[in-house]
Amino acid sequence: MRVVNQSVRKVDHKALVTGKAVYTDDLAPKECLIVKVLRSPHAHALIKEIDLEKAGKVPGIECILTYKDCPDKRFTMAGQTYPEPSPYDRLILDRRVRFAGDAVAIVAGCTKDAVDRALRLIKVKYEVLEPVLDFRTAKDNGILVHPEDNWKSLCPVGADNKRNLCASDVCADGDVDSVLDGCEYVVDQTYHTQANQQSMMETFRTYTYIDAYGRLNVVSSTQIPFHVRRILANALDIPKSRIRVIKPRIGGGFGAKQTVVSEVYPALVTWVTGKPSKMIFTREESLTASSPRHEMEVRVRIGADKDGFIKAIDVYTLSNTGAYGEHGPTTVGLSGHKSIPLYGKAEAFRFAYDVVYTNVMSAGAYRGYGATQGIFAVESAVDELAAKMGEDPAALREKNMVREGQVMPAYYGEKAESCALDRCLERAKEMIGWDGKYPRRDMGNGKVRGVGAALAMQGSGISGVDTASVGIKVNDDGFYSLMIGATDMGTGCDTILAQMAAECLDCSMEEIIVHGVDTDASPYDTGSYASSTTYVTGMAVVRTCETLRDLIREKGAQYLGCDADDTEFDGENVIDLKTGEMISRADIGNRVMCSNQNALYASEAFSSPVSPPPFMAGIAEVEVDKETGQVELLDYVAVVDCGTVVNPALARVQTEGGLAQGIGMALYEEVVYGSQGKNYSNSFMQYKIPTRLDVGNIRVEFESSYEPTGPFGAKSIGEIVINTPSPAIANAVYNAVGVRIRELPITAEKIYWGMH
């Protein structure tokens, strides 16, 4: 191929490397009102009284809004499909506050100093209530996080606010208990993953204004522009037609910006005052009042026969959605549906889950989206099974892994049409030197090195749900405008979509202009999440290009005075195959500017009934100090099957970045709460994310399969790359010193006490 499968530079590379890229706060006018939120110091309380008198007298204060000034209409901040699976459990401001950091009042003023002063002068009397802080005791607890009668769930996800349940379900195939009873080897263990923060460089931020037509314009750092429009319409109780959402460049999202964290507050201020306003989250707010990964506890029962064939897998996940249910019903499903299918010879499976409300910060979407937690549990259990059998864990995986052509009952019955997982593991073993290093090597200096492996799968969009559409038009001189609704978060999706268009249209990348998202002008796209852009939006690009090529041929034939069936379009010219006469794309583009009946514009949509999974193998080599328990990651190799690699350079940095985040989850990151629900992980001094010096040597390769339903055979890559580090590192630690860590993060203290 000319353009696809090539390491083309990002379309915005010059702006990025010269510091000229424009972000949300760069676009906000200087006269914007500054918006900030007064936050609750209590994990659970009722507001008895709010005294605004002194605060309202501060010079420069425009307005102070409380729950009395907000619509009494429940909504969800989760940006995903419609009807939303997440319960409608929020108000913009509520009399009941449900976590330490929950919004109490909105203050808007002309300057930051004025707003900060007013925030200090607001006096609130609370009736402090007992919180539910342990998610293991939340279900059917006598204390209800959401006792309100206007709570509602639009989808049948097993939610019941009177039981503190955000979602609950069970699915199975075969008789798991009977098969496990007949297994020679059985592992039954529970694994615990903590909440993690996405920690993107650009915090949450939004500015809003009323245009000349009285419409609310929202400029926001978001992954989900079209969902933002719907969510704000619900929250403000106004028609969607009165709202326009524009997405500028984003400084990272990782799933955090799939939730409408900041948008509602300046939107309400602008709607009430008619004045432009903006809200810029501080780093502390982004760490304590946002949308981290769901804390989960996963029990795994897995059994194998005497020959080492895995016969049954039973997974139960308890997920902590926190104070509100954003993405609670959807993330939990991936913990089983993206882990159990890795093992294709299992005769039976069962997957059950409960998602519970508690009085801590509301969880949300984060790269990997539930699969990360489930894969840590299942891949740890597989290693424990191998240890019980006395078998090499890599060999056990080779014997049992899913292979191309197999039907995956635990993955919604889909068939693995493209799967190079076997080659991924084989290549990873070669890269790390598995046979010479497994299980451990004593270095003779008080330190031991061990290696550990893990497999992973993800998806490519949400089957039967995610939708993408694009529009492409031919301009004068024949260059193209590619209009997309997909959101680039710095991942380069605008680049790879332009690559696909250039390949389909037989032109150069320079001849395609990519437009960002504006809900008034862009074709509809569900947004950038669930690893959907390459696969779902990419197929919309392919379809649109096919339609546009036909339109160009027809228009060229009209100008040439021949039948369209007798023409060919080679990317530059429409050629009459009978006479050899031709007309260039540039001439066609210029001629349609005058006396034209048919616009050279095409738009097509795509939604897939399947979600072909990418696959991956990761192997870690660690060194453990036997005296202190200190663990150092020395080497990490990853081999990914994402189908056809559209842009190898971008795919590589996506993989390296995802691995770094996964390493952070494995070794360092943890949201810590006090006994009364106060979040102590409120800065990068307390919440530890790894630097480049902390992630060891990362090496990435690709083993491509060909996905017949994807654009040019491509699948996704965005999320799968975060999933293997936690289990691989935990397995490497066990192989090094015999200590099994079942609760993340893996710390020196846990290893030390495990050895002693």
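Classification of E719 and K338 as a salt-bridged pair fails, no side-chain N sitting under 4.0 Å from a carboxylate O. The existence of a salt bridge linking K162 and D149 is confirmed by a sub-4.0 Å separation between a basic side-chain nitrogen and an acidic carboxylate oxygen. For R95 and D72, the salt-bridge test fails: no basic side-chain N is under 4.0 Å from an acidic carboxylate O. Between D520 and R215 there is a salt bridge, with a side-chain nitrogen of the basic residue lying less than 4.0 Å from a carboxylate oxygen of the acidic one. A salt bridge is absent between R96 and E148: the closest approach of a Lys/Arg side-chain nitrogen to an acidic carboxylate oxygen does not fall below 4.0 angstrom.
The heavy-atom pair separating P248 from I246 by the smallest distance is CD-O, 3.5 Å. Here the closest non-hydrogen pair linking I484 and H515 is CG1-O, 3.4 Å. The two residues I717 and C642 have their closest heavy-atom pair at CD1-SG, 3.9 Å. Listed here is the closest heavy atom pair of F226 and G485: CE1-CA, 4.2 Å. Across S362 and E326, no two heavy atoms sit closer than the pair OG-OE1, 2.8 Å. V536 and G461 make their closest contact through CG2-CA, 4.3 Å (heavy atoms, listed as atom of the first residue, atom of the second, distance).
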Please determine whether side-chain contact (heavy atoms from CB on, under 4.5 Å) holds for the pair N682 and Y687, giving the CA-CA distance in whole Å, both sets of side-chain angles, and the decisive distance to 0.1 Å. CA-CA 7 Å; N682 60 2; Y687 187 80; over 6 Å; no

Hey, mind stepping through V355 and L165 against side-chain contact (heavy atoms from CB on, under 4.5 Å) and telling me if it holds? CA-CA 6 Å; V355 184; L165 272 178; over 6 Å; no

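Using a distance-only test at 3.5 Å, with no hydrogens or angles considered, a donor-acceptor pair links the side chain of R283 to the main chain of M201. Judged purely by atom type and a 3.5 angstrom limit, T66 uses its side chain to pair as donor or acceptor with the backbone of K68. Put simply, the side chain of N164 gets close to the backbone of V145: a donor and an acceptor are under 3.5 Å apart. Although no hydrogens or angles enter the test, the distance criterion places a donor-acceptor pair under 3.5 Å between the side chain of S607 and the main chain of D466.
A ring-centre distance under 6.0 Å is not found for H227 and Y82.
Residues Q197 and I689 form no side-chain contact, since every pair of their non-hydrogen atoms from C-beta on lies 4.5 Å or further apart. Proximity of P225 to S220: side-chain heavy atoms (C-beta onward) are nowhere separated by under 4.5 Å. Looking only at side-chain heavy atoms (C-beta outward), V107 and L38 stay at 4.5 Å or farther from each other. In this structure the side chain of N161 never reaches within 4.5 angstrom of the side chain of D89, judged on heavy atoms. Between Q373 and R293 the shortest side-chain heavy-atom distance falls below 4.5 Å. The shortest distance between side-chain heavy atoms of F712 and C504 falls below 4.5 Å. Side-chain contact check for I462 versus Q80: some heavy-atom pair is nearer than 4.5 Å. E604 is not listed as a side-chain neighbour of E546, based on a closest heavy-atom distance of 4.5 Å or more.
For the residue pair T208 and S277, a side-chain donor N or O sits within less than 3.5 Å of a side-chain acceptor on the partner. When only modelled atom types and interatomic distance are considered, N647 and T495 share no side-chain donor-acceptor pair under 3.5 Å. Residues N320 and T358 have side chains that bring a donor and an acceptor to within less than 3.5 angstrom of each other. For the 3.5 Å distance criterion, the side chains of Y535 and S608 qualify, holding a donor opposite an acceptor. Side-chain contact annotation: S221 with E202, donor-acceptor N/O pair under 3.5 Å present. Side-chain contact annotation: Y369 with S531, donor-acceptor N/O pair under 3.5 Å absent. When only modelled atom types and interatomic distance are considered, S463 and S611 share no side-chain donor-acceptor pair under 3.5 Å.
Sequence neighbours left out, the pairs with a member in residues 22-34 that pass side chain to side chain donor-acceptor pair (under 3.5 Å) are D25-K278.
Geometric assessment of R90 against the ring of Y324 yields a positive cation-pi assignment under the 6.0 Å and 45° thresholds.
The aromatic rings of H337 and Y412 are tilted relative to each other, their planes meeting at an angle between 30° and 60°.
In terms of the salt bridge (charged side-chain N to carboxylate O under 4.0 Å, His left out) criterion, residue partners of R39 (sequence neighbours excluded) are, by chain and number, E285. By the side chain to side chain donor-acceptor pair (under 3.5 Å) test, S319 is found to be paired with no residue, residues two or more places apart in sequence or in another chain being considered.
More than 12 heavy atoms of other residues, nucleotides or ligands shown are found within 6.0 angstrom of NZ on K73.
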